[in-house]
S.K.: 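Pasting in a structure now, in structure tokens, and then I'll have a few things to ask.
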Amino acid sequence: MDKTSPQDVLLTAAECAARTGISVRTLRVYEANGLLSPVRSQKNWRLYSSGDIARLNEILSLKQLGLSLSAIAEILEGRMTDVGRLLDIQKTILTARQEQAERGLRLVAQLQSKNLAGEGLSMGDLLDLAKETKMNEAADEYAWKRYDQARPRTEIEPDRENLQACAGEYRFEDGIAIRITSTGKALRGELLGQPEFDLFAEAPDRFFLKVTPAQFTFSRDAEGAVEGLVLHQGGFEMKAERCAEGVFATAKAKLEDRIRNKTPFAGGEQKLRRLIGEHREGKPDYVEMTPVLKSLVEEQLPVVVKELERLGQMRSVEFRGVGVDGFDIYIVEFENGRMEWGLSQCPDETLNGLFMRPVP
DNA sequence: CTTCTGACA
DNA sequence: TGTCAGTA
């Protein structure tokens with residue numbers, strides 16, 4: 001079922017695990033449940049093809065929706081049409097919601113009787129109730145988006161005129177510019193500081209990337225002119241509006257200047273020192289971060305906190321230069337070692353990138 | 001040094 | 001799902 005062409009890159013179990021953020025053990029479990037079937041090397045090592053990775057992404061998305069491994073196996077293996085698959089997933093989501101509503105109702109009944117008995121309700125009771133009634137909708141929606149963004153897609157023949165209409169420059173709400181060009185047969189996209197990528201059509205105004213699970217939808221105004229786009233990635237949807245030609249080139253030139261002249265973001269070092277301090281406390285300030293970065297930071301926080309604990313007091317912070325991707329690179333010395341930190345920010349100064357790694 | 005299987009928590 | 005033993 002999985003395509004494995006000769007030139008396909010094959011990942012070992014550990015590499016695959018690292019890339020997808022799950023453990024080798026988990027990969028084995030999925031395989032045992034018939035969800036994955038990587039090829040084996042002569043040494044009997046598992047080798048994961050890009051097809052396996054795609055399938056794994058789909059499995060992980062379905063799992064986020066709360067489906068059991070056996071349910072996922074059924075969906076993936078049965079010759080379920082797309083419609084059948086969607087109905088199945090919707091059913092799972094709605095069932096979960098129903099169960100949650102029932103839990104909420106039980107809680108309400110409990111609190112009502114407590115109230116009637118004149119016992120008075122505590123703040124904790126009310127908070128429980130609020131949590132039970134409100135919380136999960138956002139989580140469901142996020143899980144659904146992640147699934148929809150990660151599912152396999154089918155390419156269609158793009159319409160020439162449509163490609164031309166989509167081409168142009170756009171700016172996201174945080175000020176980041178993106179350039180879309182038409183080759184006549186397909187679209188290419190370029191985000192500042194990142195390699196260009198191809199966009200494949202799956203619908204007239206909807207395109208997807210093959211290198212990573214992400215899609216673009218283009219929107220039109222009343223006259224039918226393309227006025228904006230939405231980037232769907234990582235469970236998020238980021239809107240951008242068409243902007244003047246040349247904005248991208250200007251931003252690119254500015255980045256190249258920063259790289260050449262080793263110019264850090266204004267106030268970058270102070271910001272970094274503050275961030276490291278906050279990470280040490282396990283309480284980063286998310287206010288000045290884009291939503292995407294926030295979720296990334298939240299995800300890696302436990303690991304970072306542990307690492308900072310090991311490293312001890314911060315000794316010094318030294319700016320090294322600007323990377324090709326626009327990240328300011330700093331070397332941070334600690335009592336027990338050193339780390340490299342990188343940060344990048346949008347034109348409006350919100351933080352949109354942060355990475356850290358230990359260096360020898 | 002890494003992966004594999006199987007077992008147990 | 002983490003971890004351990006005993007191998008290949």
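The basis for the numbers below is simple: all heavy atoms, side chains too, and nothing from hydrogens, waters or symmetry mates. Every chain is numbered from 1 and lettered A, B, ... according to where its sequence line falls, protein lines coming before strand lines.
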S.K.: More than 12 foreign heavy atoms under 6.0 Å from CD of A/Glu340: is that the case here?
M.R.: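 Result for CD/A/Glu340: enclosed.
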S.K.: Just N and O in the side chain of A/Lys43: are any of them under 4.0 Å from OP1 or OP2 of B/dC1?
M.R.: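 Answer is no, no contact under 4.0 Å.
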S.K.: To the nearest Å, how far apart are A/Asn44 CG and C/dA8 P?
M.R.: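 That distance rounds to 13 Å.
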S.K.: So that I can tick it off, tell me whether A/Arg153 and A/Glu202 are bridged by a salt bridge, with the cut-off set at under 4.0 angstrom between side-chain N and carboxylate O.
M.R.: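 Yes.
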S.K.: Below 4.0 angstrom, N of the basic side chain to O of the carboxylate: do A/Asp328 and A/Arg258 qualify?
M.R.: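 Salt bridge present between A/Asp328 and A/Arg258.
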S.K.: Here's one to test your reading of the geometry: is the NZ or CZ of A/Arg310 within 45 degrees of the ring axis of A/Phe334 and under 6.0 Å from its centre?
M.R.: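 A/Arg310 over A/Phe334 ring: no.
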S.K.: In what stems does DNA chain B take part, counting only runs of at least 3 consecutive Watson-Crick or G-U pairs whose two distances fall under 3.5 Å?
M.R.: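 So the stems come out as B:4-9 with C:1-6.
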S.K.: Would you find a donor on one side and an acceptor on the other, under 3.5 Å apart, between the side chain of A/Arg206 and the backbone of A/Phe218?
M.R.: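 Not at all, since once roles are kept as given, no pair shorter than 3.5 Å links the two residues.
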S.K.: Nearest whole Å is fine: how far is C/dT1 P from A/Ile59 CD1?
M.R.: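 Whole-Å distance recorded here is 11 Å.
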S.K.: Would you say A/Arg46 places a side-chain N or O within less than 4.0 Å of OP1 or OP2 belonging to B/dT3?
M.R.: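 For B/dT3, neither OP1 nor OP2 has a side-chain N or O of A/Arg46 closer than 4.0 Å.
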S.K.: With respect to the phosphate group of C/dG2, does any side-chain polar atom (N or O) of A/Ser23 fall under 4.0 Å of OP1 or OP2?
M.R.: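 For C/dG2, OP1/OP2 do have a side-chain N/O of A/Ser23 under 4.0 Å.
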S.K.: So which nucleotide from C/dT1, B/dT3, B/dC4 ends up closest to the side chain of A/Thr26?
M.R.: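 Among C/dT1, B/dT3, B/dC4, the one nearest the side chain of A/Thr26 is C/dT1.
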S.K.: Can you measure A/Tyr48 atom OH to B/dC4 atom C1' for me and round it to whole angstrom units?
M.R.: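 About 11 Å, once rounded to whole Å.
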S.K.: Between C1' on B/dT5 and CZ on A/Arg25, what's the gap in Å once rounded to a whole number?
M.R.: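 A/Arg25 atom CZ is separated from B/dT5 atom C1' by 10 Å.
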S.K.: Do A/Lys210 and A/Phe200 meet the cation-pi criteria used here (NZ or CZ under 6.0 Å from the six-membered ring centre, within 45° of the axis)?
M.R.: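 Yes.
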S.K.: Measure CZ/A/Arg40 against P/C/dA8 and give the value in whole Å, please.
M.R.: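 After rounding, the reported distance stands at 16 Å.
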S.K.: What is the minimum heavy-atom distance between A/Ser182 and A/Leu163, and which atoms define it?
M.R.: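 Minimum heavy-atom contact is OG-CB, 3.6 Å.
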S.K.: Using atom CG of A/Leu69 as one end and atom C1' of C/dT1 as the other, report the distance to the nearest whole Å.
M.R.: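 Rounded to the whole Å, the gap is 11 Å.
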S.K.: In whole angstroms, how far is the P atom of B/dT3 from the CD atom of A/Glu31?
M.R.: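 Spelled out: CD on A/Glu31 to P on B/dT3 is 14 Å.
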S.K.: Provide, to the nearest angstrom, the distance between the CZ atom belonging to A/Arg28 and the C1' atom belonging to B/dC8.
M.R.: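 About 13 Å, once rounded to whole Å.
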